[in-house]
Amino acid sequence: MVKTLVTAAMAAPSVADERPWHFIVIHDPAIKHQITAVHRFAYMAAQASVALLVCGDKRLEKQRGFWVQDCAAATENILIEAQQLGLGAVWLAVYPVEGLVQGFRRLLGIPEHVIPFGLVLVGHPAKQQKPVNRYDESRVHTDGWDNLWSNSARQPRRE
Ligand SMILES: Cc1cc2nc3c(=O)[nH]c(=O)nc-3n(C[C@H](O)[C@H](O)[C@H](O)COP(=O)(O)O)c2cc1C
């Protein structure tokens, strides 16, 4: 299952197909426990079956500055695949909080050119969450900022 998750991550789109990522798969209970000290919101890491740290490698970047978007797409793919597999997963931000970046760097021996981006904790869910619908039409604009989608559906677009 872990390999399936990482395969999904690596299927993500990236700028110029540069795939600037690395993934650190953490099974070791001692390291999962240490994560809770590095990242105070990651208190659930000790109970998680596995932790995946998504990292961006500056040396693999062809187009500067896009690694964050590439790693975000890979991270989202892990969440979607986890759902498909009947697992539960949560995304915890690391980058751009410098203390967290350095904390994970020290904990896992990550070199300077590689930036810890985000942590995904994966496990077997205690309960099934119902899907939520957060659709908010006030955030949808059509043919320009001034025309809300909700208005345009009811009245013709102002020319
Ligand atoms: C960049 C990022 C950081 C997040 N950090 C945390 C976190 O520290 N702790 C947590 O429980 N969830 C974290 N989440 C998950 C969000 O809180 C969650 O997606 C949001 O509350 C909506 O809930 P849902 O995804 O379960 O529907 C994070 C999500 C993102 C994208």
Side-chain angles (χ1 to χ4, degrees), residues 1-15 17-58 60-61 63-141 149-150:
M1 277 183 166
V2 172
K3 187 161 181 196
T4 306
L5 294 174
V6 179
T7 302
M10 291 188 183
S14 63
V15 68
D17 200 21
E18 65 183 16
R19 289 171 263 155
W21 40 59
H22 290 265
F23 302 90
I24 304 184
V25 179
I26 302 157
H27 283 121
D28 185 331
I31 301 176
K32 283 190 282 179
H33 185 72
Q34 284 169 299
I35 286 175
T36 64
V38 169
H39 196 315
R40 70 189 171 102
F41 295 125
Y43 49 84
M44 61 296 246
Q47 283 84 50
S49 307
V50 68
L52 299 173
L53 187 71
V54 181
C55 303
D57 185 339
K58 302 284 272 183
L60 296 176
E61 264 198 314
Q63 308 275 334
R64 281 180 62 140
F66 286 94
W67 72 271
V68 173
Q69 291 165 75
D70 299 339
C71 285
T75 306
E76 180 68 8
N77 271 16
I78 296 173
L79 300 187
I80 293 168
E81 190 63 42
Q83 178 72 24
Q84 280 289 113
L85 294 171
L87 301 171
V90 61
W91 175 344
L92 294 109
V94 175
Y95 181 84
V97 183
E98 197 51 34
L100 295 176
V101 169
Q102 293 307 337
F104 279 98
R105 213 188 268 300
R106 273 195 297 274
L107 178 65
L108 300 165
I110 300 167
E112 277 301 315
H113 65 280
V114 177
I115 302 160
F117 169 76
L119 183 72
V120 184
L121 301 176
V122 185
H124 298 278
K127 58 177 182 184
Q128 287 299 328
Q129 299 276 24
K130 284 209 178 106
V132 286
N133 185 345
R134 300 193 184 107
Y135 181 68
D136 177 354
E137 213 151 49
S138 72
R139 303 289 183 86
V140 188
H141 309 250
W149 180 257
S150 53

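Quantities reported herein were computed from a predicted structural model and do not represent experimental measurements. For ligands, and for the atoms within them, numbers begin at 1 and follow the listed sequence.
By the neighbour-count criterion of 12 heavy atoms within 6.0 Å, atom CD of Q102 is densely surrounded, having more than that number from other residues, nucleotides or ligands.
Ring geometry, W91 versus F117: the interplanar angle falls from 30° to 60°, so the pair is classed tilted.
Each of the following atoms of ligand 1 lies closer than 4.0 Å to a heavy atom of L92: 5 (N), 7 (C), 8 (O), 9 (N). Within ligand 1, the atoms closer than 4.0 Å to a non-hydrogen atom of V90 are 10 (C), 11 (O), 12 (N), numbered from 1 in the order shown. Every atom of ligand 1 is numbered from 1 in the order shown, and the set under 4.0 Å from a heavy atom of F41 is 8 (O).
Comparing Q129, E76, R134, R40 against atom 25 (O) of ligand 1, the shortest heavy-atom distance belongs to R134. Selection from W91, Y95, F117 by nearest heavy atom to atom 14 (N) of ligand 1 gives W91.
Less than 4.0 angstrom separates atom 17 (O) of ligand 1 from none of the non-hydrogen atoms of the protein. Within 4.0 Å of atom 20 (C) of ligand 1, not a single protein heavy atom is present. Counting protein heavy atoms under 4.0 angstrom from atom 27 (O) of ligand 1 gives one or more.
The shortest side-chain heavy-atom distance between H22 and I24 does not fall under the 4.5 Å cut-off.
Between H39 and ligand 1, no N or O atom pair is found at a separation short of 3.5 Å.
In this structure, Y95 and V68 approach most closely via the heavy-atom pair CE2-CG2, 3.6 Å. Contact detail for V2 and H27: the closest heavy-atom pair is CG2-NE2, 4.1 Å. When all heavy atoms of P125 and G86 are compared, the closest pair comes out as CD-O, 3.4 Å. Closest heavy-atom contact between K32 and V50: NZ-N, 4.4 Å.
Closest to atom 3 (C) of ligand 1, if we only count protein heavy atoms, is A93 N, 3.5 Å.
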